[in-house]
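Shown next, in structure tokens, is the structure this report addresses.
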Amino acid sequence: MQAIVLVGGEGTRLRPLTYGTPKPMVPIMNVPFLARTLERLYEAGIRDVILPAGYMPQAIVDYFGDGSRLDMTITYVIEETPLGTAGALKNVEEHITGRFFVLNGDVLTSLDLQAMLRYHEEKGGLGTLHLIPVDDPSAFGCVVHDQTGLVSAFVEKPPRDQAPTNEINAGTYLLELEILKEIPAGRNVSIERETFPQVIAAGEKLYAYTTNDYWIDVGRPEQYLAAHRDILSGSMPLKLEPGLTGPGSDALKGHPGVVPPIHAAGDVVVDPTASIGPNVVLGKGCSLGARVVVRESVLWDRVSVGPGTHIEEAIVASGVTIGPEARIGKGSVIGHDVTIEPGQVLEAGSRVGPAPSTALPTT
Ligand code: GTP
């Protein structure tokens, strides 16, 4: 069994983080997101993975190589121009040998892939789509189906009061090889907007597999922070103990200002007068000075925070230096290697990053 993980998107909604790190390499609890996804595939018995990439692919190749370190085989296919979520599949056709999973590269879920496979085999359609019920489907692609699961329509981002269903496309598909015939080669094709509607219009069968699993698309800063909160609280199972975790947690044990849950990588230095938590992740080599306050935030590697600075509900990328007595407002996102001046105040929702012109390599 093969899986294709779509990792070619530019991740515009996560900018400025994605100016320096492609979305699949953005860390979740200090490990690249894609590593979490590959772990799930491995647990489901899948060892053969194809990665259609395009945006900053070298960072992905450098980390995962041929996959042998993970006891997997990884094949990379690099797109010169983005081919879209179906075009990317067509472009890897020569590597696909049979029925295959497709995973959006930015979905964190507890979905049981083997259970989905059993359902697909029972139904016998051309494809099975994982759906999740949500309170407000207006920002998503709704999928309409009958009681047997047979899909009849796709409705993209409907106004909330006109949504035909609250079940949305959750970005995991199990497809038969024959579906590739429905995708034109050599151009950008969207699987959700073009291929799936075309398949059902042609009378082919697609089935909905609706579950109540944990599910979140980490492609936006608010969701990225929410995913961390959910992992830290245990509502998204990720085989981590609750409380104070990670290789750096020993350095925080007994610290008077620590409020778990907190996950800390190695080599973190936290002043005894600092106050951290709850819901904080510290990357490798972070240092927090005297009277620093960090709450509900994710700091990547080597973030240095000067005395008296407050950080709340923020994401801070690797190598950032924050001067003393700064205020980082809720919802702020700070890109790689940025320096925040002493006393600087970032309003809520600020995005501060390296200039895209100097930090948008495609390799
Ligand atoms: P935004 O720019 O923030 O919308 O993010 P994105 O570019 O990643 O787009 P989106 O979240 O809609 O993509 C869903 C999944 O498909 C992600 O895992 C993307 O990496 C992937 N993806 C999107 N477009 C392409 C593409 O043209 N080629 C490939 N190979 N993957 C893609």
Side-chain angles (χ1 to χ4, degrees), residues 2-28 32-38 40-41 49-61 63-64 74-96 100-109 111 129-130 132 139-143 154 156-157 168-173 175 180 183-196 215-227 315 333 335 351 353 356 360 362-363:
Q2 292 175 300
I4 300 172
V5 186
L6 296 168
V7 293
E10 286 191 25
T12 53
R13 292 165 299 163
L14 271 187
R15 287 176 182 171
L17 302 173
T18 44
Y19 285 143
T21 301
K23 193 160 59 170
M25 299 305 291
V26 163
I28 293 279
F33 185 66
L34 181 57
R36 304 282 181 201
T37 305
L38 295 181
R40 276 185 56 232
L41 291 171
V49 177
I50 303 169
L51 297 180
Y55 176 71
M56 299 181 80
Q58 201 55 46
I60 305 173
V61 177
Y63 188 90
F64 293 100
I74 300 179
T75 306
Y76 301 88
V77 179
I78 312 297
E79 294 159 32
E80 302 224 326
T81 55
L83 291 170
T85 44
L89 305 182
K90 187 70 177 174
N91 195 46
V92 301
E93 187 168 18
E94 63 177 304
H95 301 287
I96 306 178
F100 57 100
F101 272 105
V102 179
L103 279 70
N104 271 3
D106 47 10
V107 166
L108 181 68
T109 177
L111 169 69
L129 285 55
H130 178 222
I132 285 281
F140 300 98
C142 292
V143 183
F154 293 86
E156 197 61 30
K157 300 190 175 82
I168 61 151
N169 176 352
T172 301
Y173 320 120
L175 305 174
L180 297 174
I183 306 172
R187 70 167 172 88
N188 190 298
V189 187
S190 157
I191 199 160
E192 41 295 51
R193 285 186 215 97
E194 197 172 335
T195 308
F196 287 151
W215 180 89
I216 197 165
D217 167 352
V218 297
R220 285 193 293 139
E222 309 80 60
Q223 260 75 1
Y224 177 79
L225 284 178
I315 308 168
V333 183
R351 299 218 177 178
L360 256 181
T362 53
T363 56

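Count residues from 1 along the sequence. Since this is a predicted model, take the numbers as computed values, not measurements. Note that ligands are numbered from 1 as they come in the structure, with each ligand's atoms numbered from 1 the same way.
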Whether W215 side chain and I132 backbone form a donor-acceptor pair below 3.5 Å: no
Polar atom proximity, G219 to ligand 1 (N or O, under 3.5 Å)
no
If you scan protein heavy atoms around atom 2 (O) of ligand 1, the nearest is T12 OG1, 2.5 Å
Specify whether Y173 and F196 have parallel, tilted or perpendicular ring planes, treating 30° as the upper limit for parallel and 60° as the lower limit for perpendicular.
perpendicular
Is any side-chain heavy atom of E194 closer than 4.5 Å to one of F154? no
Can an N or O of G105 be found at a distance shorter than 3.5 Å from an N or O of ligand 1? yes
Numbered in order shown, the ligand 1 atoms found under 4.0 Å of a heavy atom of K23 are 5 (O), 6 (P), 8 (O), 11 (O)
* N or O pair under 3.5 Å between L14 and ligand 1 -> no
D106 N/O under 3.5 Å from ligand 1 N/O = yes
The answer for which part of N104 has a heavy atom under 4.0 Å from ligand 1 is both
R351 (side chain) donor-acceptor with R15 (main chain) under 3.5 angstrom = yes
Discussion item. Does any part of the side chain of E79, heavy atoms only, come nearer than 4.5 Å to the side chain of N91, both counted from C-beta?
Written reply: yes
Near P82 (heavy-atom distance under 4.0 Å), the atoms of ligand 1 are 27 (O)
min-distance protein heavy atom vs atom 19 (C) of ligand 1 -> G9 N, 3.5 Å
Subject >> Test item: T18 side-chain N/O and G11 main-chain N/O as donor-acceptor pair under 3.5 Å >> reply: yes
### T172 (side chain) donor-acceptor with H130 (main chain) under 3.5 angstrom
no
Logged contact type for R13 with ligand 1, heavy-atom cut-off 4.0 Å, is both
Within the 4.0 Å heavy-atom cut-off, what E79 brings close to ligand 1 is side chain
Q: Would you confirm whether Q2, through its side chain, and H95, through its main-chain N or O, come within 3.5 Å as a donor-acceptor pair?
A: yes
Q. Is the shortest heavy-atom distance from the side chain of V107 to the side chain of L103 under 4.5 Å?
A. no
Nearest non-hydrogen contact to atom 26 (C) of ligand 1 from the set A88, G84, A86 belongs to G84
E10 heavy atoms within 4.0 Å reach ligand 1 at atoms 7 (O)
**Asked** Quick check: does any side chain N or O of N188 sit under 3.5 Å from a backbone N or O of P82, one acting as donor and the other as acceptor?
**Response** yes
_ligand 1 contacted by G54 (non-hydrogen, < 4.0 Å)_ = no
Discussion item. Main chain of E10, side chain of K23: is a donor-acceptor contact present, judged purely on distance under 3.5 Å?
Written reply: no
Residue, atom and distance of the protein heavy atom nearest atom 31 (N) of ligand 1 read G8 N, 3.1 Å
Any heavy atom of L83 under 4.0 Å from ligand 1? The part involved is backbone
Does T85 reach ligand 1 with a nitrogen or oxygen that is under 3.5 Å from one of the ligand's nitrogen or oxygen atoms? no
